[in-house]
Amino acid sequence: MLPGAMATCLITGGAGFLGSHLCDELLRRGNRVLCVDNLETGSLANIEHIRVPEFVHYNVDITDPYHVEEPVDFVYHLASPASPIDYLRLPLHTLKVGSYGTHHTLGLAKLKRARFLLASTSEVYGDPEVHPQPESYWGNVNPIGPRGVYDEAKRYAEALTMAYHRQQGVDTAIVRIFNTFGPRMRPNDGRAIPTFLRQALQDRPLTVFGDGSQTRSFCFVEDEIRGLIGLAESGHHLPVNIGNPEEYTLLELAQTVIEVTSSRSEIVHEALPVDDPQVRQPDITLARQILSWEPTVGLREGLQRTIEAAGPEALIGSLR
Ligand code: NAD
């Protein structure tokens with residue numbers, strides 16, 4: 001591709017939380033966008049504001065073979081249930097999207113001679129014994145626990161991506177996405193930030209799992225999307241962490257949400273989910289080196305921008 005030329009980007013999972021922001025940003029940068037999404041966990045509401053001829057939505061289940069007629073330059077493969085509520089409800093579907101869905105999408109990228117980016121996850125590190133987690137760490141995943149369907153689907157998808165690259169010559173990239181937040185997260189998807197926001201905005205108790213000493217790192221969606229595009233447009237093939245290295249305990253997160261929303265909520269504690277990782281923090285040395293990427297939006301600002309962009313009603317009810 002010549003720099004500045006309009007590219008055609010196919011996004012699987014384009015009607016989801018991250019996918020819809022990626023559609024917006026790639027269109028804003030002057031590209032054509034083909035969104036492939038069967039709306040399993042995404043929503044038309046995430047893309048209904050996009051009304052330009054450069055955007056097309058195909059309602060296709062990628063676990064079946066699929067094809068698009070026109071040339072494609074970039075394939076962003078994001079389709080997969082992503083929140084624990086979804087993959088625990090859809091265990092076989094999650095494994096099929098990671099396996100068949102990734103096969104079909106890599107096959108399409110091969111046919112089109114497109115650059116392929118796999119959306120992998122920090123969950124490939126499992127409950128890590130190394131902290132923070134560099135890409136060279138192989139992980140500590142329980143394959144047979146309830147979360148195994150997601151973690152192992154992603155690990156398989158990474159192996160498949162490297163095999164298509166090494167054996168079939170497909171130009172591939174792998175991004176390991178760490179917890180990301182922002183407008184269009186669903187208020188009831190079970191993840192910490194939308195749950196705490198929903199509870200705080202209603203002055204209801206914030207439910208922290210365990211004693212709340214487990215840590216997470218939260219990346220604002222705008223930073224995450226910039227990282228994904230930067231990696232897709234680089235020539236790098238091995239996995240790259242994209243996430244915000246600022247680390248918070250869940251208790252600190254709950255307190256920050258209460259402050260930002262000026263809520264009167266108190267904090268209560270609930271049982272820890274099975275195999276809940278104790279720590280989670282990306283080592284982003286590689287992204288800094290090869291992409292000159294680093295996050296620019298901190299937790300407080302990101303929370304404020306999420307509330308402003310979505311509106312309190314949407315964060316309590318049907319979040320957009
Ligand atoms: P999401 O559930 O909002 O989006 C996933 C999209 O994939 C949905 O629109 C869904 O309808 C679509 N999809 C699912 N199965 C499909 C199928 N068989 N055919 C076609 N479309 C299908 O989730 P998200 O948070 O936007 O996550 C997007 C990607 O990023 C996922 O691959 C996820 O594993 C990865 N990721 C996200 C995070 C995060 O913090 N949001 C963290 C790590 C990794």
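Every value quoted in this text rests on a predicted model; they were computed, and no experiment measured them. The residues of the chain are indexed from 1 along the displayed sequence. Numbering of ligands and ligand atoms starts at 1, following listing order.
Taking CG from N142 and CG from D275, the interatomic distance works out to 4.5 Å, rounded to the nearest 0.5 Å. Rounding to the nearest 0.5 Å places CG of N31 at 13.0 Å from CZ of F55.
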Determine, stepwise, if the pair V221 / T306 fulfils side-chain contact (heavy atoms from CB on, under 4.5 Å). CA-CA 10 Å; V221 64; T306 303; over 6 Å; no
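Side-chain contact between R216 and Y248: absent, with no pair of heavy atoms (C-beta onward) separated by less than 4.5 Å.
Protein residues having a heavy atom under 4.0 Å from any atom of ligand 1 are G13, A15, G16, F17, L18, D37, N38, L39, E40, T41, G42, V60, D61, I62, T63, L78, A79, S80, A82, H93, V97, A119, S120, T121, Y150, K154, I177, N179, T180, R191, listed by chain and number.
Among residue pairs with one or both ends in residues 181-228, those qualifying as ring pair (Phe, Tyr, Trp, His ring centres under 6.0 Å) are F181-F220; sequence neighbours excluded.
For the residue pair Y125 / N241, a side-chain donor-acceptor distance below 3.5 Å is found, with atom types taken as modelled.
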